[in-house]
*Asks:* 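Below you will find the structure I want to go over with you.
Worth knowing before you read on, the calculation uses all heavy atoms, side chains too, and leaves out hydrogens, waters and symmetry mates. Just follow the structure's listing: the first ligand is 1, and inside any ligand the first atom is 1.
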Amino acid sequence: MVDVDKVLDEAGLTNPYVRAYVAEWAEITGADRIEVVSAADDERLLKESLEAGELLPVTGGRYYSRSFHKDTARSEERTVVATSDPRDKGTYNNWRPAEETVATLTERMRGASKGKTMYVIPYLMAPQGSPLEAYAAGVELTDCRPVVQQMIRMARVGVEYINELKDQASFVKAVHVTGDLENLGQGTADDQRLFATVADQRMILHYGSSYGGNALLGKIAHALRQACYDGRASGKFLAEQFLLLGIKDKQTQRTFHVVGGFPSASGKTNLSMTLAPDALGDRYEVTFYGDDIAWLWVDDEGKIRAFNPENGVFGVAKDTNEATNPGAVEAIRPGTGAIFTNVAYNEKTQEVWWEGKTKHHPDDLDGWLDWKGERIADRNLDEQGDPWAHPNSRFTTPISNVPNAAPDFDDPAGVVVNAIIFGGRTRDREPLIRAITDIAEGVYDGLTLGAEATFAAEGVDGQLRYDPMSMRPFMAYEEGDYARHWLKVIGSAKQPPVFAHVNWFQRDPEDGHFLWNGYRDNVRALLWLLQFQAGEVEGVPSPVGVLPKAEELNLEGMHFRDGDLEKLLSIDVERWRQEMKFREEHLSQFNLPEEIWEAHRRVAKALDEA
Ligand code: SPV
Ligand code: MN
């Protein structure tokens, strides 16, 4: 048996509630050793992992990790939210009763860390000193060392964050046990993996994966699922899968802040790290706060404020390059200590590569291994077109490495939110941008957010896979209550933000070309929104929001084919009427407040009369 008290004393871990929790789970998991870690241990832990072969060196002091080949993404089917109140059961949260879920996981974890070290990671999902600190502290226990190195990049890690808590008992218990990855039956009827957020006990129990999205418990499980639940339980805040960026007008010295929800593969990371287009760079500066999560609350003056609870970026590597995301390329350059997961690795030159990093893969195949660790030069003819990197391969790097990180990204007071945007990937119907000033209509728009089904098998062509507020995989309680909570929080602001829906992906129906250039030019749509909110432009009303007039957008340096701009700034009423039927069906799954149905009917009526 480990002498838990001795280890915790030596680490200076004084919080009595944390000590009791560590002792309890050390006994259940049966770990041979316990080690309390802080960010200062990073270098030593990296060295140990390199020696153990868990990490491989990448040029310039960076690192490579490969996860088990059946363990490369979040598993939504195996992820549940458990509480003791059946009213928390929603459409998307895979609700389970708390008692049986805790019992099942305790049994799976019993003795499962035998022979291993249990790392104790005290962390904070917030800048230190924030008004939401009571919801941000956690202690992850993990039997996987690379999880520690990733957590050090993604969160604030160290005993000081939990020793100094005002309410010593207010931290999330987050237990991660890897399990025997080769014998868990991933994807079969007898799948042993289970990832549970026991929300009303503020406890996270994840068993059966070492992939980031399932194993870095501060990120998805705590800062989204648990915080989504805590936000409503406390009545104080919203925790959303949103980006957060700033746009500074150097002429007026004003900075605007935008948060935004985008379903996966809709360009959220690229937008969050974008720069101003060259033509507007003298006047505007875009700054980065966060690519994935924002917590929002109303301050004492009635303003909506937000911060990014994370300290790093866990980004998709695929298609990251100078053109799509120069900020990310900078943030993972030599000298950043970035960790790459499941990309291709050259064991001779210690380089990494992924699809879209360069136009073609390296010509010389010598030394290259694919994401499974198999030699690319040895591939059979029929395997030659297979990707080198896993499509969900990732890079992990702290925000401080992002070149345009906002100077105040670490400010515990957060920043004032001027706009809340939603954006899907829609080939027709959705204009470039439509502004919404009514709060219920804005929340309604978020609830009907979706991404187009990519394959015919996923649904009717052009029909959306709805992803309310981009929170579908992270919803912690019933969606109607979620809508009520949104109306309550945003409705209590004295200066409510403007809402907007954006779409960078409209295509020409004939030859399929994109009508809008995208990338940095997307900032132009946001600039219009901020001017609209300030009353400097008025736009044109439509049944689904206010659209920009062409002359109100700053399009300096852009070129359009005939008719494209008109299409980007108008709506196809027939397509919208069709969409309203799908929306009705989608919303009927939830126990929605009347305000949301009223917003739906208002939009439907305006479309009928258009
Ligand atoms: C997502 O999947 O939305 C992510 C990455 O942000 S993961 O941590 O894998 O969930
Ligand atoms: Mn995400």
Side-chain angles (χ1 to χ4, degrees), residues 65 67-68 70-81 92-94 123 125 138 140 142 144 146-147 149-151 153-155 174 176 186 193 195 197 204 206 208-228 239-245 259-273 288-295 308-320 325 328 339-343 371 389-397 399 422-425 449-451 465 467-476:
S65 94
S67 64
F68 180 60
K70 290 182 187 163
D71 184 33
T72 54
R74 273 188 297 109
S75 163
E76 288 181 18
E77 328 76 70
R78 302 301 304 157
T79 303
V80 306
V81 173
Y92 298 128
N93 68 348
N94 288 337
Y123 66 81
M125 298 310 292
E140 174 161 358
T142 179
C144 177
V147 166
Q149 293 133 1
Q150 303 252 9
M151 280 293 286
R153 282 157 182 72
M154 296 304 298
H176 167 245
Q186 291 95 336
R193 299 172 298 164
F195 309 115
T197 298
I204 297 163
H206 278 209
S209 169
S210 68
Y211 165 73
N214 303 318
L216 309 178
L217 302 188
K219 181 178 176 59
I220 302 290
H222 179 161
L224 282 174
R225 263 179 226 111
Q226 180 66 52
C228 173
E240 308 295 332
Q241 188 185 210
F242 283 177
L243 63 77
L244 173 54
L245 61 79
V259 295
F262 293 73
S264 1
S266 302
K268 178 161 57 94
T269 302
N270 291 350
L271 178 65
S272 74
M273 296 182 139
F288 173 83
Y289 289 85
D291 71 318
D292 201 36
I293 306 179
W295 289 8
N308 169 15
E310 302 195 273
N311 191 46
V313 181
F314 183 58
V316 174
K318 187 172 189 289
D319 288 329
T320 300
N325 195 335
I339 301 174
F340 300 92
T341 307
N342 295 338
V343 298
W371 64 273
H390 190 279
N392 190 40
S393 57
R394 299 269 169 171
F395 58 80
T396 314
T397 193
I399 292 177
F422 300 110
R425 176 184 271 272
L449 177 64
R465 177 190 190 263
D467 185 348
M469 306 266 187
S470 67
M471 282 291 282
R472 182 174 169 140
F474 314 112
M475 274 301 170

*Asks:* Less than 4.5 Å apart, side chain to side chain, heavy atoms only: is that true for R153 and F395?
*Replies:* no
*Asks:* Using a strict 4.0 Å cut-off to heavy atoms of Y211, name the atoms of ligand 1 that fall inside it.
*Replies:* 9 (O)
*Asks:* Can an N, O or S atom be found in Q241 less than 2.8 Å away from the Mn ion (ligand 2)?
*Replies:* yes
*Asks:* To check your reading of the model: name the closest protein heavy atom to atom 1 (C) of ligand 1, its residue, and the distance in Å.
*Replies:* R74 NH2, 3.5 Å
*Asks:* I need the nearest protein heavy-atom contact for atom 6 (O) of ligand 1: residue, atom name and distance, please.
*Replies:* D292 OD2, 2.8 Å
*Asks:* Can you confirm whether I204 sits close enough to R225 that some side-chain heavy atom of one is under 4.5 Å from a side-chain heavy atom of the other?
*Replies:* no
*Asks:* Looking at the Mn ion (ligand 2), is there an N, O or S atom belonging to D291 that lies under 2.8 Å away from it?
*Replies:* no
*Asks:* Just checking, is any N or O donor in the side chain of S67 or N342 under 3.5 Å from an acceptor N or O on the other one?
*Replies:* yes
*Asks:* In the protein, which heavy atom is nearest to atom 3 (O) of ligand 1, and how far is it?
*Replies:* Q241 OE1, 2.8 Å
*Asks:* Give the atoms of ligand 1, by number and element, whose distance to some non-hydrogen atom of K219 is under 4.0 Å.
*Replies:* 6 (O), 8 (O)
*Asks:* Does one side chain, of Y211 or N392, offer a donor that lies under 3.5 Å from an acceptor on the other?
*Replies:* yes
*Asks:* Going by an N to O cut-off under 4.0 Å, is there a salt bridge joining R193 and D71?
*Replies:* no
*Asks:* Can you tell me how far the CG atom of L244 sits from the CH2 atom of W295, to the nearest 0.5 Å?
*Replies:* 14.0 Å
*Asks:* In terms of the angle between their ring planes, are H390 and W371 parallel, tilted or perpendicular, with boundaries placed at 30° and 60°?
*Replies:* perpendicular
*Asks:* Looking only at N, O or S atoms in D292, which is nearest to the Mn ion (ligand 2)?
*Replies:* OD1
*Asks:* To which protein heavy atom is atom 8 (O) of ligand 1 closest, and what is the distance rounded to 0.1 Å?
*Replies:* G213 CA, 3.1 Å
